[in-house]
Amino acid sequence: MQTIRQVLNEAVVKLQNSSSDSPKLDAKLLLMKACSLSQVQLMVHDNEPISQEQLQAFNELLEQRLIGHPIAHLLGERDFWDLTLKVTPDTLIPRPDTEVLVEQALKLIQSNKQSKVLDLGTGSGAIILALKHTIPSISAFAVDKSPGALQVAQENARHYDLEVNFNLGSWFEPLQEHYQHYFDVIVSNPPYIEEEDEHLQRGDVRFEPLSALVSGKDGLDDIRLIASQAISYLTKDGFLLFEHGYNQGPAVHSILTDLGYRQVQTIKDYGNNDRVTLGQAPA
Ligand code: GLN
């Protein structure tokens, strides 16, 4: 009979020879899941034998990880902002970079507590749920064209008892005429990777929906489309905010400026890369 520690150490060695870039953390997280133990419990009990059922559950998870499946899919969840969100292969896995988009949106929402906020391509619901959880008085709306993703977002909203008006469709398509010049803030983390980007062949992104990642030759097709259509849906002084690739700051800045958006700014993420560009509706 093996102890928890022995199982952990063997798994770390296997993961070191895989594509994982965090073998120790991965092994620990999967073992916590298989044994239903917290991180502290895992350490305290690490000299004790692992049960047959736990070992089997762990080996199944480990095998999946060794062929590249993302940890978030194996755990079924990912922390984002102050939430733990359900995540499935139907959604993009929420990333820490996207918290910069949440912070910028919050700055624009704070002053007007009744803000109407729209999240385009909500995926797991990460952005709109973080905003609604932080400022419950906003009227929250979200759109996604993937029924699977929308279902996950709705489950996440229910879990935290957050009221969000969810709509199935592509960008502004599902919104009726009534919503023209309605939103104070529109946020989006749209797909923005270039079609031919070689990163798509490596790591976790291989298991994420391509429709949430790729947007034409230069990665900017959806950003161009949303930026031009958003003008009809923003209030007079409303703001549009995008997440984009580290090298797309100047291009997104130009897209917004060329369309007449005011006060266009690009903000860096914690890795010091351009990550969010925002602008105020054209006059
Ligand atoms: N930031 C993600 C990545 O580089 C892409 C997310 C997106 O396309 N919206 O993997």
Side-chain angles (χ1 to χ4, degrees), residues 19-22 26 65 68-74 78-81 85 87-105 118-131 142-146 148-150 152-153 156 169-172 185-227 229-230 240-253 255-256 266-278:
S19 63
S20 165
D21 48 19
S22 50
D26 289 5
R65 183 60 188 143
H69 287 279
I71 285 287
H73 289 171
L74 300 177
R78 172 55 45 98
D79 288 346
F80 179 82
W81 200 249
L85 298 173
V87 169
T88 74
D90 282 320
T91 70
L92 192 78
I93 301 167
R95 293 160 166 63
D97 291 338
T98 305
E99 294 184 350
V100 176
L101 182 60
V102 173
E103 285 167 8
Q104 292 303 318
L118 170 64
D119 177 12
L120 293 172
T122 195
S124 64
I127 300 166
I128 197 68
L129 295 174
L131 294 173
V143 169
D144 205 289
K145 72 171 178 186
S146 154
L150 213 55
V152 173
N156 282 324
S170 180
W171 308 136
F172 294 99
V185 174
I186 299 177
V187 291
S188 185
N189 174 14
Y192 55 70
I193 298 179
E194 297 170 20
E195 246 158 37
E196 306 288 338
D197 191 319
E198 57 193 35
H199 290 104
L200 294 166
Q201 316 306 327
R202 290 201 293 266
D204 287 3
V205 288
R206 291 171 298 163
F207 297 88
E208 293 180 285
L210 262 189
S211 61
L213 294 166
V214 174
S215 186
K217 207 165 163 10
D218 65 356
L220 295 169
D221 283 2
D222 288 287
I223 289 182
R224 274 188 287 265
L225 193 126
I226 294 168
Q229 295 187 356
L240 173 65
L241 300 89
F242 286 115
E243 175 177 323
H244 53 69
Y246 72 97
N247 56 356
Q248 293 172 330
V252 179
H253 199 286
I255 290 170
L256 292 185
T266 297
I267 290 110
K268 291 188 186 295
D269 61 22
Y270 297 109
N272 209 31
N273 293 309
D274 286 349
R275 185 58 63 193
V276 168
T277 294
L278 60 89

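Index from 1, following the sequence. These numbers come from the heavy atoms of this one structure, side chains and all, not from hydrogens, waters or symmetry mates. Both counts, for ligands and for their atoms, begin at 1 and track the order of listing.
Under the 4.0 angstrom criterion for non-hydrogen atoms, Ala212 is in contact with ligand 1. Contact analysis puts Pro190 in contact with ligand 1, with a non-hydrogen atom separation below 4.0 angstrom.
Considering backbone and side-chain atoms alike, Arg275 places every N or O at 3.5 Å or more from each N or O of ligand 1. Close N/O approach between Val205 and ligand 1 is not found [any backbone or side-chain N/O within under 3.5 Å].
Here the side chain of Asn273 pairs no donor or acceptor atom with the backbone of Arg275 at under 3.5 angstrom. Although no hydrogens or angles enter the test, the distance criterion places no donor-acceptor pair under 3.5 Å between the side chain of Glu103 and the main chain of Val100. Between the Glu208 side chain and the Leu92 main chain, no donor and acceptor come within less than 3.5 Å of each other. A donor-acceptor contact shorter than 3.5 Å is absent between the side chain of Asp274 and the backbone of Lys268.
Contacts with ligand 1 closer than 4.0 Å are made by no heavy atom of His199, backbone or side chain.
Residue Arg95 approaches ligand 1 through these ligand atoms, each under 4.0 Å from one of its heavy atoms: 1 (N), 2 (C), 3 (C), 10 (O).
Contact between His199 and Val205 at its shortest, heavy atoms only, is O-CG2, 3.2 Å.
Ile193 CD1, 4.1 Å is the protein heavy atom nearest to atom 4 (O) of ligand 1. Nearest non-hydrogen protein atom to atom 1 (N) of ligand 1 is Tyr192 OH, 2.8 Å.
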**Request:** Go through Asp204 and Arg95 one step at a time and tell me if the salt bridge (charged side-chain N to carboxylate O under 4.0 Å, His left out) criterion holds.
**Result:** CA-CA 12 Å; Asp204 287 3; Arg95 293 160 166 63; over 6 Å; no
